[in-house]
Amino acid sequence: MYSQGLIGADGSTDESQEVLAAFQQRIDAEEKIEPNDFMPQGYRRTLIRQIGQHAHSEIVGMLPEGNWITRAPTLKRKAALLAKVQDEGGHGLYLYSAAETLGVSREEMTEELLAGKAKYSSIFNYPTLTWADIGTIGWLVDGAAIMNQIPLCRCSFGPYARAMIRVCKEESFHQRQGYEIVMTLAQGTPEQKAMAQESLDRWWWPVLMMFGPHDADSQHGDQSMAWKIKRFSNDELRQKFVDATVPQAEYLGLTLPDPDLKWNPEKNGGQGGHDFGAIDWDEFWAVVKGRGAMNRQRVEARRKAWEEGAWVREAALVHAQKRAERNRLMTQAAE
Amino acid sequence: MGDALFCYVLRLADDHLILGHRLSEWCGHAPMLEEDLALPNIALDLIGQARALYTHAGVIEGRGRDEDQLAYLRREDEYRNLLLLELENGDFARTMLRLYLFAAFMELFWERMLASKDETLAAIAAKAIKETRYHVRHSAEWVIRLGDGTPQSARRLQAALEELKPYCAELFHSDAIDREVASAGAGVDPAALRQDWEAEIAAVFRESLLEEKGIGDGHQTGGRLGRHTEAMGFLLAELQYMQRTYPGMQW
Ligand SMILES: [Fe+2]
Ligand SMILES: [Fe+2]
């Protein structure tokens, strides 16, 4: 779902200046770096971490929405939600595959997630309390993911860029679908409209936090920008997102919960844009460090699935070995 | 014939909704990512089939009930699905075995349904048969893998069979409704599928080293008459939560 505002990637690298300069030349020429090409250790480490976080976010992101599949209000909505959550699992799969080209296995990445060593987007540590949350997540969380992922389609690392092209198409479908759910509520009964507004009130600020700390407080941005892993800073993407979302909320007749939100004609180099209020970074860091409403439950759910599924994975492996052995014996007998 | 056909299609629709509901519970909790994709995918097929069937049932009934009114707004004793399908998922072995037992039945069912004189049912069968073949393949592979895997997986699969066996006879439940629809050429009498089904599953059970005796002799029936298991009320409480809490709204 998301990887902007990467936390804790270590881009430091110890190759010689010459080697780094040659690599930078390829990057500056907009060449794609492929898995078997030379790459600095820091570049590889940053990507493993970023793609891993991104993959984990897709997988953990299945949980809050999955929470409503059995309670979706109509069969059409149920089918659409199932398909959406399944898409997110598919994104996780492409991303794990992209990370695997860098020499790390899906099992290792999963173990890191379960051990709390690898992060995922903090947005998924918030609970889904009403049906409206399914609309809000599609509209805003997938919307924020698109802001972040469109530039990643031009990421210098080939497998990541290609995965993002596939993923972006599906995310924009999710975003429209989510918006349509919220629209139906906003145009529904007063009770439904209140449900949509209450949901927006809860999700708005956490969604803005998805873009990560302010540029001034973000340590790893510059190297990632130079390597063209990132193309825009956290604050640039957040601003784009706010500017895109304000008219959408107006069209719905819903109010973004920010009294400081106002049009500023000077913004964005004179093109105009929205000023918005201060983000509560204490909340952000608390959630990142494990003190969100659902941190424990999300990781627990993944651990439970992983541990309780161990016997299934083992059986599949053993069966495949038995089969291979039988085939070998049959071929031998035939010879 | 209208009343019988309505009941007949409704039973079929309920089967698909209820199993789709159970399979969807796995989403995000499966033993491996591939199954986190496959199980919702199958659930999605089943719910798609249920939607087509409910819509058709509503047309046959002619009282203006749409798919959602039929799917969400009935009392427990008005749901007519097989008991087998409403049971809790249990572990992965039980989930896969149940899917296999039902899908193998539905494959035979849809094949014959292609010739239905009811054009809508024939069209639903034409789409469903392709999906069902995939469900059979996927679940049969797992049944074989688990049965001929580790001692633990074999034990779990055998336990799943003991758990599900009492409910299998109901697949072939046949009453006046089935016979009327079948004799009009609109549907299939499930009782007629029993031999083929037993032969089909025997082949897969052999490969999975499952010990099976008397799979068709189960005593658990009642779903077709609206008498359910204790699991059903909880399933419906979830399924109907929104429609019951906020009656009469558009979503
Ligand atoms: Fe995604
Ligand atoms: Fe998405």
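We use all heavy atoms of the structure for the numbers below, so side chains are in, but hydrogens, waters and symmetry mates are not. Every chain is numbered from 1 and lettered A, B, ... according to where its sequence line falls, protein lines coming before strand lines.
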Asks: Taking side chain as everything from C-beta outward and backbone as N, CA, C, O, which of these in B:Asn41 sits under 4.5 Å from a heavy atom of chain A? Side chain, backbone, both or neither.
Replies: both
Asks: Would you please go through residues 148-161 of chain B and name the residues with a non-hydrogen atom below 4.5 Å from one of chain A, in numerical order?
Replies: B:Asp148, B:Gly149, B:Thr150, B:Gln152, B:Ser153, B:Arg156
Asks: Inspect the contact between A:Arg202 and A:Glu198 and indicate whether a charged nitrogen and a carboxylate oxygen are less than 4.0 angstrom apart.
Replies: yes
Asks: Check each atom of A:Leu63 against the heavy atoms of chain B and say whether the ones under 4.5 Å are side chain, backbone, both or neither.
Replies: side chain
Asks: Non-hydrogen atoms of chain A under 4.5 Å away: do they reach the side chain of B:Glu67, the backbone, both or neither?
Replies: both
Asks: Quick test of your reading of the model: are B:Asp66 and A:Lys76 salt-bridged, counting only N-O distances below 4.0 Å?
Replies: no
Asks: Testing the 3.5 Å rule here: is there a donor-acceptor pair between the side chains of B:Asn81 and B:Arg224?
Replies: no
Asks: Report which part of A:Leu185 has an atom under 4.5 Å of a heavy atom belonging to chain B: side chain, backbone, both, or neither.
Replies: side chain
Asks: With a 4.5 Å heavy-atom cut-off (strictly below), which parts of residues 314-333 of chain A touch chain B? List them by number.
Replies: A:Glu314, A:Ala315, A:Ala316, A:Val318, A:His319, A:Lys322, A:Arg323, A:Arg326
Asks: Taking side chain as everything from C-beta outward and backbone as N, CA, C, O, which of these in A:Ile181 sits under 4.5 Å from a heavy atom of chain B? Side chain, backbone, both or neither.
Replies: neither
Asks: Charged N to carboxylate O under 4.0 angstrom, B:Glu86 versus B:Arg22?
Replies: no
Asks: Do A:His174 and A:Tyr179 have their ring centres less than 6.0 Å from each other?
Replies: no
Asks: Please rank B:Glu34, B:Gln243, B:Met32, B:Met249 by heavy-atom pairs under 4.5 Å with chain A and give me the top one.
Replies: B:Met249
Asks: Please classify the contact of B:Tyr72 with chain A as side chain, backbone, both or neither, using a heavy-atom distance under 4.5 Å.
Replies: side chain
Asks: Checking B:Trp26 against chain A: side chain, backbone, both or neither under 4.5 Å from a heavy atom?
Replies: neither
Asks: Pick one of side chain, backbone, both or neither for A:Arg71, based on which atoms fall under 4.5 Å of a heavy atom in chain B.
Replies: both
Asks: Under a 4.5 Å heavy-atom cutoff, which of A:Lys78, A:Arg106, A:Met62, A:Lys304 has the most pairs with chain B?
Replies: A:Arg106
Asks: Quick check: does any side chain N or O of B:His29 sit under 3.5 Å from a backbone N or O of B:Asp36, one acting as donor and the other as acceptor?
Replies: no
Asks: What part of B:Ile144 gets closer than 4.5 Å to chain A, counting heavy atoms only: side chain, backbone, both or neither?
Replies: both
Asks: State, without any angle test, whether B:Tyr54 and B:Gln49 hold a side-chain donor-acceptor pair at a distance under 3.5 Å.
Replies: no
Asks: Using the benzene-type ring in the case of Trp, are the ring centres of B:Phe6 and B:His56 under 6.0 Å apart?
Replies: no
Asks: May I ask you to name which of A:Thr74, A:Val85, A:Ile59 has the most heavy-atom pairs under 4.5 Å with chain B?
Replies: A:Thr74
Asks: Under a 4.5 Å heavy-atom cutoff, which of A:Gly66, A:Ala79, A:Pro73, A:Gly89 has the most pairs with chain B?
Replies: A:Pro73
Asks: Go through the atoms of A:Gln192 and report whether side chain, backbone, both or neither lie under 4.5 Å from a heavy atom of chain B.
Replies: side chain
Asks: Where does B:Leu44 contact chain A at under 4.5 Å (heavy atoms): side chain, backbone, both or neither?
Replies: both
Asks: Return the orientation label for the A:His91 and A:Tyr94 ring planes: parallel under 30°, perpendicular over 60°, tilted otherwise.
Replies: tilted
Asks: Is the shortest side-chain N to carboxylate O distance from A:Arg313 to A:Glu307 below 4.0 Å?
Replies: no
Asks: Examine whether an atom of B:Ala43 lies under 4.5 Å from a heavy atom of chain A, and if so say whether it belongs to the side chain, the backbone or both; otherwise answer neither.
Replies: both
Asks: Does the side chain of A:Trp139 pick up a donor-acceptor pair with the side chain of A:Gln177 at under 3.5 Å?
Replies: no
Asks: Need one label for A:Met195: side chain, backbone, both or neither, based on atoms under 4.5 Å from any heavy atom in chain B.
Replies: side chain
Asks: Please work out which of the three classes, parallel, tilted or perpendicular, describes the rings of B:Trp110 and B:His16, given edges at 30° and 60°.
Replies: tilted
Asks: On the 0 to 90° scale, with breaks at 30° and 60°, tag the A:His54-A:Tyr160 ring pair as parallel, tilted or perpendicular.
Replies: perpendicular
Asks: Do A:Gln197 and A:Asp201 meet the criterion of a side-chain donor-acceptor pair at a distance under 3.5 Å?
Replies: yes
Asks: If only side-chain N and O atoms count, and only distance matters, is there a donor-acceptor pair under 3.5 Å linking A:Thr184 with A:Arg77?
Replies: yes
Asks: In this structure, is the centre-to-centre distance between the rings of A:Trp131 and B:Tyr246 below 6.0 Å?
Replies: no
Asks: Side chain, backbone, both or neither: which part of A:Thr189 has a heavy atom under 4.5 Å from chain B?
Replies: side chain
Asks: Do B:Asp45 and B:Arg51 sit within salt-bridge range, that is, some charged N less than 4.0 Å from a carboxylate O?
Replies: no
Asks: Can A:Tyr126 and A:Asp133 be counted as having a side-chain donor-acceptor contact under 3.5 angstrom?
Replies: no
